[in-house]
Amino acid sequence: IFWIEIFLRIRASSFVIFLSDRWGPIDLILTILGSLDAWILSYTSGTQGLQGVAVLRVLRLLRLIRLVRVFRSFRELTLLVQVLGSSFREMGWVGVLLILIVYESSIFVYLALRSHENDNEILEGVMDSLGW
């Protein structure tokens with residue numbers, strides 16, 4: 001699919017204009033490396049002599065750079081990602097607060113029920129099942 005995109009972009013304009021665009025050479029290099037990985041390295045990855053070439057598989061992560069173009073094209077998408085990223089910190093604090101509330105509530109319930117543990121057989125069974 002990436003080769004088709006590159007072919008159509010070169011066909012719509014010339015090869016020189018494709019290379020003068022700042023994303024053109026990056027797309028071409030990433031597509032070549034991806035094809036090299038998919039077609040050639042997948043067949044030779046089991047041999048001993050070419051195990052060092054497997055490092056090129058890490059370069060497949062560079063395909064994520066292509067997503068930057070999508071984010072720059074849509075202002076709303078960029079804003080959405082920024083809002084989600086900034087909300088993770090606040091959600092972490094909400095989680096810490098919930099953990100503290102549950103911990104303090106369990107201490108309160110334990111202290112409230114501890115003095116009544118001999119009052120009722122049902123309460124003793126509950127306390128034994130909880131390990132208190």
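- Hydrophobic clustering, defined by side-chain heavy atoms of Ile, Leu, Val, Met, Phe, Trp and Tyr closer than 4.5 Å, groups Leu84 together with Leu80.
- Taken together through direct or relayed side-chain contacts under 4.5 Å among Ile, Leu, Val, Met, Phe, Trp and Tyr, Tyr103 and Leu111 form part of one hydrophobic cluster.
- Contact annotation: the side chain of Thr31 never approaches that of Glu5 to less than 4.5 Å [non-hydrogen atoms, C-beta and beyond].
- Under the 4.5 Å side-chain criterion, counting only non-hydrogen atoms from C-beta, Tyr110 is not in contact with Leu130.
- The two residues Ile6 and Leu28 have their closest heavy-atom pair at CD1-CA, 3.8 Å.
- Residue Leu98 is found in a hydrophobic cluster whose other members, listed by chain and number, are Val94; membership requires side-chain heavy atoms under 4.5 Å apart, directly or through intermediates.
- The CZ atom of Phe88 lies 9.5 Å from the OG atom of Ser86; values are rounded to the nearest 0.5 Å.
- Listed here is the closest heavy atom pair of Pro25 and Phe18: CD-O, 4.0 Å.
- In this structure, CZ in Arg9 is found 4.5 Å from CG in Asp27, a value given to the nearest 0.5 Å.
- Applying the side chain to side chain contact (heavy atoms under 4.5 Å, CB included) criterion to Ile4, with sequence neighbours excluded, gives Leu8.
- Note that the CG atom of Leu77 and the CD atom of Gln82 stand 10.0 Å from one another [nearest 0.5 Å].
- With sequence neighbours left out, the side chain to side chain contact (heavy atoms under 4.5 Å, CB included) criterion links Ile17 to Ser13, Ser14, Ser20.
- The side chain to side chain contact (heavy atoms under 4.5 Å, CB included) search around Leu97 returns Ile101, not counting sequence neighbours.
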